[in-house]
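Working notes for the structure below.
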Amino acid sequence: MAGAGIHPYHHQQWPPAAAPPPPTAAPAAAPPAPPVHHPPLPAPTYDEVRTIFITGLPEDVKERELQNLLRWLPGYEASQVNYKGEKPMGFALFSSAQLAIAAKDALQDMIFDAETKSVLHTEMAKKNLFVKRGMVADSNAYDQSKRPRTGGDYTHTGYTTPSPFHPPPAPVWGPHGYMAPTSPYDPYGGYPVAPVPMPAPAPVPAPSSYVPVQNIKDNPPCNTLFIGNLGENINEEELRGLFSAQPGFKQMKILRQERHTVCFIEFEDVNSATNVHHSLQGAVIPSSGSVGMRIQYSKNPFGKRKDNNHPIASPGANGAPQALTYQ
DNA sequence: AGCACA
């Protein structure tokens, strides 16, 4: 339960089928004759800046990379990378200023490439991106360029996600990296689309958000994770639900202490542990309040004895009882 | 920062 904050991005269908905005603001260049009362939607004035400026791209960024990222954002129309100068500069045009702002916020501080530590910085552009005719539509495959340029209008029927591709499913965390909550961007957050009628609150447990975690002193990688900073009211069911769904999960032990509840999770191998170490670092689940869990490798992994200083017939490397050989 | 159980 508590599915309110869960974000089943695995099932997402990008353009929601919901049909929120009444097509009131007809973008046609019609004279403003009829006294239509203005809808909450900002009537798009066509000289408004609806382009965002993106820096922080790695130097080897490809136009296509940026496009493949941006195409998931509502209202995306076109983008371009200028390579002149030291750093590449990206521009992306959206169908309205509002959608551009939403996209700007969605991309702000997102980790574009963890390897090169590229973190995006976005701001509104000074002026709109000029889309050369043919440039966009011809050389690119994304369907959006064909739809009636009034972006944000997903109300027309027949649009289904063109491919099984979906945005990066799991957030990747750098050692101290912070990435926007849940998925690199939250496609629904702050967007003028109606509350998506989430069909099935997918039982896939997922954190409701993430919070940066820093200054972690860690232990050598092993098959067991130590989870701390869980908050005082942590719900064990919730914890278990989350971790037991992780690939390679074997068992978990929750330890309630005075103020700090901690838990240990054993995985089948170090690899599975490592994946979770990264993917859930800083994860926030509803009962943990607003704190992000801290994940470290355990000091004492499952299956390894802590301190066996009493040599019970200490076997040799091959198992031969060495005890017999001493003189 | 809080690391137990076999």
Side-chain angles (χ1 to χ4, degrees), chain A residues 2 5-6 109 111 114 117 119 170-182 205-323:
Chain A
I6 306 293
D109 295 331
I111 297 177
K117 303 225 174 38
V119 178
V172 178
W173 293 85
H176 37 43
Y178 170 64
M179 191 173 261
T182 306
S208 42
S209 64
Y210 291 86
V211 142
V213 174
Q214 24 195 320
N215 304 327
I216 304 179
K217 269 202 220 153
D218 212 334
N219 304 300
C222 62
N223 72 340
T224 305
L225 296 180
F226 170 85
I227 318 291
N229 203 35
L230 287 166
E232 297 192 45
N233 307 312
I234 189 70
N235 173 346
E236 306 193 3
E237 302 305 309
E238 222 167 49
L239 254 195
R240 187 168 294 278
L242 174 61
F243 284 108
S244 61
Q246 305 302 321
F249 172 89
K250 272 181 94 173
Q251 58 169 315
M252 116 180 217
K253 170 148 190 105
I254 300 180
L255 189 69
R256 288 219 170 251
Q257 300 180 136
E258 187 67 13
R259 285 175 55 88
H260 300 289
T261 293
V262 297
C263 89
F264 299 87
I265 301 159
E266 186 192 10
F267 292 86
E268 276 166 23
D269 47 37
V270 182
N271 237 336
S272 318
T274 299
N275 289 337
V276 172
H277 189 297
H278 289 141
S279 66
L280 291 180
Q281 187 68 272
V284 176
I285 62 180
S287 68
S288 58
S290 56
V291 296
M293 59 182 66
R294 175 191 308 275
I295 302 187
Q296 296 166 253
Y297 294 108
S298 174
K299 284 177 193 158
N300 304 301
F302 268 108
K304 230 188 260 176
R305 294 220 168 213
K306 193 183 200 169
D307 214 15
N308 56 343
N309 46 3
H310 77 141
I312 313 166
S314 65
N318 55 3
Q322 297 257 313

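Just so you know, these numbers come straight off a predicted model, no measurement behind them. Note on naming: letters A, B, ... go to the chains in the order of the sequence lines (proteins, then strands), and numbering restarts at 1 for each one.
- Taking atom CD of A/Glu232 as the reference point, atom C1' of B/dG2 lies 12 Å away to the nearest angstrom.
- For A/Phe302, there are no ring pair (Phe, Tyr, Trp, His ring centres under 6.0 Å) partners, not counting sequence neighbours.
- Non-hydrogen atoms lying under 4.0 Å from DNA chain B are contributed by A/Asn219, A/Thr224, A/Phe226, all within residues 218-227 of chain A.
- The interatomic distance linking A/Gln257 (CD) with B/dA4 (C1') rounds to 9 Å, in whole Å.
- A/Glu268 is linked by a side-chain contact (heavy atoms from CB on, under 4.5 Å) to A/Lys250, counting only residues two or more places apart in sequence or in another chain.
- Taking atom CD1 of A/Ile265 as the reference point, atom P of B/dA4 lies 16 Å away to the nearest angstrom.
- Counting only heavy atoms from C-beta outward, the side chains of A/Val211 and A/Ser290 never approach each other to under 4.5 Å.
- Residues forming a side-chain contact (heavy atoms from CB on, under 4.5 Å) with A/Glu232 (at least two apart in sequence, or on another chain): A/Arg259.
- The distance between atom CG of A/Leu255 and atom C1' of B/dA1, rounded to the nearest whole Å, is 14 Å.
- Rounded to an integer number of Å, the gap from CG of A/Leu239 to P of B/dG2 is 19 Å.
- Under the side-chain contact (heavy atoms from CB on, under 4.5 Å) criterion, A/Asn235 pairs with A/Glu237, A/Glu238, A/Ser287, not counting sequence neighbours.
- A 4.5 Å side-chain heavy-atom check between A/Leu239 and A/Ile285 finds at least one atom pair inside the cut-off.
- The aromatic ring of A/Phe302 does not stack onto the base of B/dA6, failing the criterion of a centre distance under 5.5 Å from the six-membered base ring together with planes under 30° apart.
- By the salt bridge (Lys or Arg N to Asp or Glu O under 4.0 Å) test, A/Arg256 pairs with A/Glu236, sequence neighbours left out.
- In this structure, the side-chain contact (heavy atoms from CB on, under 4.5 Å) partners of A/Val270, at least two apart in sequence or on a different chain, are A/Pro221, A/Thr274.
- Residues forming a ring pair (Phe, Tyr, Trp, His ring centres under 6.0 Å) with A/Phe267 (at least two apart in sequence, or on another chain): none.
- Residues from residues 288-297 of chain A placing a heavy atom under 4.0 Å of any atom in DNA chain B, listed by number, are A/Arg294, A/Gln296, A/Tyr297.
- The interatomic distance linking A/Ile234 (CD1) with B/dA1 (P) rounds to 19 Å, in whole Å.
- Atom CG of A/Asn229 and atom P of B/dC3 are 14 Å apart (whole Å).
- The distance between atom NZ of A/Lys299 and atom P of B/dA1, rounded to the nearest whole Å, is 11 Å.
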